[in-house]
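Residue numbers run from 1 in the order of the sequence given.
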Amino acid sequence: MASLNSNRRAPFIVIEGLDRSGKTTQTSKLHSRLQQNGIEASLLKFPDRTTAIGQMIDSYLRSASELDDRAIHLLFSANRWELATTIEKLLLAGTPVICDRYAFSGIAFSASKVDSLGDPLLAFEWCRSPDVGLPAPDIVLFFDITPEKAKERGGYGDERYEKEEMQLRVRKAFHRIGEEMAESGTGTRWVSIDAGREREEVELDVWAVVDPLVRRGVMGPINKLWST
């Protein structure tokens, strides 16, 4: 990013998707490929399970502890806010940030929880509100995969939310978020990628989108999520 002029900053890139969609694998591959091309990017993963808040989240996700649905949602958001200033500083300093999951996962998963009658436990708008004002990504790569396809992959079902009926609702919620982001005018570009294909094909698609963005940089300030 050293070649960028003072009017440009580094891009904020988020990879989202259903469980077992290959996000973590592809995020790591992208980070390595950027380094191989002489671009020092910062790789973040949410939840960040290394912090005190992250350790509480980790225990919950492994079903080792129980928390109220609202409480765990707010913990996920707080975990992102812990790194909000760090993200902004990195971008302004010319370091691209690649993020494995972000606020969109928080909304999609929490808004997909239902009661015994199948009604939502938490309103979509309430789920979104704690993340208003977080640094907005310049691009979101949404790894779209059917729950049926995801079940074929190793490790499926190890964590709390990896149930097919839950993943179906989460996928629908992600599609809603993508549509809203496209209409929001916040500057965040939402790109859907077919994650049910071979890893090499997905990797090529990701690189085709990210490489020119990183090399070109981004004009203008860092936008804020859902802020006017």
With rounding to the nearest 0.5 Å, note down the distance linking [atom1] in [X] to [atom2] in [Y].
{"X": "Cys127", "Y": "His73", "atom1": "SG", "atom2": "NE2", "answer": "4.5 Å"}
{"X": "Leu74", "Y": "Asn79", "atom1": "CG", "atom2": "CG", "answer": "12.5 Å"}
{"X": "Asp100", "Y": "Thr24", "atom1": "CG", "atom2": "OG1", "answer": "4.0 Å"}
{"X": "Arg189", "Y": "Leu141", "atom1": "CZ", "atom2": "CG", "answer": "8.5 Å"}
{"X": "Arg33", "Y": "Ser28", "atom1": "CZ", "atom2": "OG", "answer": "13.5 Å"}
{"X": "Arg171", "Y": "Ser112", "atom1": "CZ", "atom2": "OG", "answer": "13.0 Å"}

(message) Is the distance from the ring center of Trp81 to that of Phe76 below 6.0 Å?
(response)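 Centroid separation for Trp81 and Phe76: 6.0 Å or greater.
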(message) Walk me through whether Asp48 and Arg101 qualify under salt bridge (Lys or Arg N to Asp or Glu O under 4.0 Å).
(response) CA-CA 10 Å; Asp48 179 350; Arg101 289 205 188 282; over 6 Å; no
(request) Among residues two or more places apart or on two chains, list those pairs meeting side chain to side chain donor-acceptor pair (under 3.5 Å) that have a residue in residues 115-133. (result)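 Output for this query lists Ser77-Asp131, Arg80-Asp131, Glu125-Arg176, Arg128-Glu180.
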(request) Count the heavy atoms belonging to other residues, nucleotides or ligands that lie under 6.0 Å from CE of Met181, then report whether that count exceeds 12. (result)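 For Met181, atom CE is crowded (more than 12 foreign heavy atoms under 6.0 Å).
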(request) Return the set of residues passing salt bridge (charged side-chain N to carboxylate O under 4.0 Å, His left out) with Glu82 (not counting sequence neighbours), or none when no residue passes. (result)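 Per chain and number, Glu82 pairs via salt bridge (charged side-chain N to carboxylate O under 4.0 Å, His left out) with no residue.
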(request) Starting from the C-alpha separation in whole Å, work towards a yes-or-no answer on salt bridge (Lys or Arg N to Asp or Glu O under 4.0 Å) for Lys163 and Asp19. (result) CA-CA 10 Å; Lys163 306 293 185 291; Asp19 291 330; over 6 Å; no
(message) If hydrophobic clusters are built from ILVMFWY residues whose side chains come within less than 4.5 Å, do Phe124 and Leu168 share one?
(response)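 Different hydrophobic clusters.
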